[in-house]
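Worksheet for the structure shown next.
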Amino acid sequence: NNKSSNKKEHETNLFHSNKRFLMHQGTFIKISTRTGKLTVRGIHLFNDMIIIVKILQTGRELIELFSPIDQVVVISCEDVVNSNGFEIKTKEMERKGVILRCKSLEEKELWME
């Protein structure tokens with residue numbers, strides 16, 4: 001099936017680029033903006049792209065969000081509950097983005113650079 005092979009080729013090309021390199025990766029606590037529920041998420045930050053993944057119990061990762069880095073806005077959360085957190089929004093998101101909490105202020109500062 002040609003459609004299936006085109007999709008696989010696109011998915012492969014998404015992650016493999018001669019110009020793309022990994023800058024940071026880590027796990028964070030995602031705070032649901034609707035329910036307040038806490039879940040684990042992984043971030044893969046490349047020089048040109050950010051990918052946020054849901055980590056399954058099997059260890060596999062499902063892409064929740066990927067966006068070119070120039071389409072992303074990062075906002076520091078300054079309230080008491082989320083002081084080690086930040087919000088990631090893409091220019092396409094009309095409302096709240098993804099709120100992630102770091103383990104420490106130092107970790108937050110590293111990711112906010």
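Quick note: numbers below take in every heavy atom, side chains included, and nothing from hydrogens, waters or symmetry partners.
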**Request:** Could you tell me the separation between the CD atom of E109 and the CZ atom of F86, rounded to the nearest 0.5 Å?
**Result:** 12.0 Å

**Request:** Find the distance between CG (L22) and CE (M49) and round it off to the nearest 0.5 Å.
**Result:** 12.5 Å

**Asked** Does the pair K103 and I29 meet the rule for a side chain to side chain contact (heavy atoms under 4.5 Å, CB included), with working shown?
**Response** CA-CA 9 Å; K103 296 175 187 82; I29 300 297; over 6 Å; no

**Asked** Does N47 use its side chain to pair, donor to acceptor, with the backbone of K19 at less than 3.5 Å?
**Response** yes

**Message:** Using 0.5 Å steps for rounding, measure from the CG atom of N84 to the CZ atom of F28.
**Reply:** 11.0 Å

Show me, pair by pair, the donor-acceptor contacts under 3.5 angstrom made by side chains of residues 62-77, not counting sequence neighbours?
{"unit_1": "E64", "atom_1": "OE1", "unit_2": "R41", "atom_2": "NE", "d": "2.4"}
{"unit_1": "E64", "atom_1": "OE1", "unit_2": "R41", "atom_2": "NH2", "d": "3.1"}
{"unit_1": "E64", "atom_1": "OE2", "unit_2": "K30", "atom_2": "NZ", "d": "2.8"}
{"unit_1": "S76", "atom_1": "OG", "unit_2": "E78", "atom_2": "OE2", "d": "2.4"}
{"unit_1": "S76", "atom_1": "OG", "unit_2": "K108", "atom_2": "NZ", "d": "2.7"}

**Message:** Before you tell me yes or no, could you show the steps for V53 and H44 under side chain to side chain contact (heavy atoms under 4.5 Å, CB included), namely the whole-Å CA-CA distance, both residues' side-chain angles and the distance that decides it to 0.1 Å?
**Reply:** CA-CA 8 Å; V53 295; H44 305 281; 4.0 Å; yes

**Complete:** Distance col, row I88:CD1 vs L100:CG, nearest 0.5 angstrom, shows 5.0 Å

**Request:** On the 0 to 90° scale, with breaks at 30° and 60°, tag the W111-H24 ring pair as parallel, tilted or perpendicular.
**Result:** tilted

**Item:** side chain to side chain contact (heavy atoms under 4.5 Å, CB included) between D48 and F21, intermediate numbers included
**Value:** CA-CA 8 Å; D48 63 343; F21 59 90; over 6 Å; no

**Item:** Check: K54 and E61 side chains under 4.5 Å, non-hydrogen atoms
**Value:** no

